[in-house]
Amino acid sequence: YTLLFDGKSFQGWNGNLDVFRIEDGAIVGGSMDQPVARNEFLRSDKEYSDFELRLQFKLVGEGSNAGIQFRTAPIPDHHEVSGYQADMGNGWWGCLYDESRRNRILAGPEPPQRDALVKQEKWNDYRIRCQGNHIQLWINGQQTVDYIEKDKDIAAKGIIAVQIHGGPAAEAFYRNIRLLELQ
């Protein structure tokens, strides 16, 4: 695995640094002092196709929402990105969402099971695996998605991004971000 975030700098990443900061070796998006004005994404400079991504996350704040984008493309002259998202937030945990493209959940656990997957406001593990058209997600070792993309026009390569969703005051924390490129 290669570390994508060194815990000290935004080297290899770009985005709105008024919204994202580094705290105790983690990327933090948002603030508990004020509402989050709009969706914001801290984006990797590099694109990836077949990989396994592992990271730790924590989400804090009433009604908070966030996610990890992958095989994603920046939308030109816009703050949004378009692509797959490993979703985070009550009612959304462990779902595969298609951000700014199909705008819907593609796969995920049944709604009653989603919130039981995480330790609320504590560190949790996300594992994301993409190989060809096969996408798999795990939270805290429990598989939540085993999805086959049938649309041949969907890009199988893109950036990685971490998100804080627009809405009430909230913070999304991301650390130990590491990626293994697959053959």
Side-chain angles (χ1 to χ4, degrees), residues 4-5 10-23 26-48 51 53 55-109 111 114-115 117-118 120-121 123-124 126-128 130 135 137 139 144-145 147 149 151 154-155 157-175 177 179:
L4 298 187
F5 169 61
F10 287 117
Q11 183 178 349
W13 296 86
N14 64 82
N16 184 345
L17 300 187
D18 291 332
V19 175
F20 290 96
R21 66 188 183 281
I22 298 170
E23 189 176 291
I27 294 169
V28 184
S31 166
M32 293 306 294
D33 297 332
Q34 60 190 15
V36 181
R38 64 185 191 185
N39 291 357
E40 292 284 354
F41 302 86
L42 186 70
R43 310 154 188 212
S44 67
D45 292 339
K46 188 176 174 187
E47 291 188 332
Y48 302 92
F51 60 86
L53 177 69
L55 58 93
Q56 293 179 299
F57 67 89
K58 176 171 56 169
L59 192 55
V60 178
E62 188 74 29
S64 55
N65 186 287
I68 302 120
Q69 300 291 135
F70 56 96
R71 288 187 173 175
T72 290
I75 297 174
D77 302 317
H78 203 276
H79 66 280
E80 288 277 351
V81 297
S82 174
Y84 297 113
Q85 177 177 278
D87 223 329
M88 296 165 44
N90 288 334
W92 300 92
W93 298 110
C95 291
L96 177 63
Y97 186 78
D98 200 14
E99 179 89 23
S100 297
R101 188 168 48 199
R102 291 174 276 195
N103 295 313
R104 63 181 172 88
I105 293 174
L106 302 175
R114 294 175 188 167
D115 295 348
L117 294 168
V118 297
Q120 296 288 330
E121 299 194 359
W123 287 108
N124 294 271
Y126 232 131
R127 178 178 164 207
I128 299 164
C130 298
I135 297 171
L137 304 179
I139 289 183
T144 63
V145 167
Y147 177 75
E149 179 59 69
D151 186 337
I154 299 291
K157 184 176 188 178
I159 61 168
I160 307 289
V162 294
Q163 179 204 43
I164 182 66
H165 201 285
E171 291 176 322
F173 296 75
Y174 303 93
R175 72 179 184 191
I177 305 169
L179 184 137

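In this structure Arg102 satisfies the salt bridge (charged side-chain N to carboxylate O under 4.0 Å, His left out) test together with Asp98, Glu149, sequence neighbours excluded. Remark: Lys46 pairs with Glu181 by the salt bridge (charged side-chain N to carboxylate O under 4.0 Å, His left out) rule, at least two apart or across chains. With sequence neighbours left out, Phe41 forms a ring-ring contact (aromatic ring centres under 6.0 Å, His included) with no residue at all. In this view, Gln163 satisfies the side-chain hydrogen bond (donor to acceptor under 3.5 Å, both in side chains) rule with no residue, not counting sequence neighbours. For Arg127, the salt bridge (charged side-chain N to carboxylate O under 4.0 Å, His left out) partners two or more places apart in sequence, or in a different chain, are Glu52. Not counting sequence neighbours, the partners of Ile105 by the side-chain contact (heavy atoms from CB on, under 4.5 Å) test are Trp92, Cys95, Tyr97, Arg114. For Val162, the side-chain contact (heavy atoms from CB on, under 4.5 Å) test picks out Phe20, Ile27, Leu42, Tyr174, with sequence neighbours left out. For Thr72, the side-chain hydrogen bond (donor to acceptor under 3.5 Å, both in side chains) partners are Gln69, not counting sequence neighbours. In this view, Arg43 satisfies the salt bridge (charged side-chain N to carboxylate O under 4.0 Å, His left out) rule with no residue, not counting sequence neighbours. Under the side-chain contact (heavy atoms from CB on, under 4.5 Å) criterion, Val145 pairs with Leu96, Ala107, Leu137, Tyr147, sequence neighbours left out. Contacts of Asn90 classified as side-chain hydrogen bond (donor to acceptor under 3.5 Å, both in side chains), with partners at least two apart in sequence or in another chain: Trp93, Gln120.
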Indicate every side-chain donor-acceptor pair of residues 56-66 with a distance under 3.5 Å to a residue at least two apart or in another chain.
{"unit_1": "Gln56", "atom_1": "OE1", "unit_2": "Arg175", "atom_2": "NE", "d": "2.9"}
{"unit_1": "Gln56", "atom_1": "OE1", "unit_2": "Asn176", "atom_2": "ND2", "d": "2.3"}
{"unit_1": "Ser64", "atom_1": "OG", "unit_2": "Gly61", "atom_2": "O", "d": "2.8"}

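One distance of note links SG of Cys130 with CZ of Phe70; it measures 4.5 Å at 0.5 Å rounding.
Salt bridge annotation for Glu99-Arg104: absent, with no cationic side-chain nitrogen under 4.0 angstrom from a carboxylate oxygen.
Side-chain contact between Tyr84 and Leu106 is present, with at least one heavy-atom pair separated by less than 4.5 Å.
By the 6.0 Å contact criterion, CD on Gln11 is open, its count of non-hydrogen atoms from other residues, nucleotides or ligands being 12 or less.
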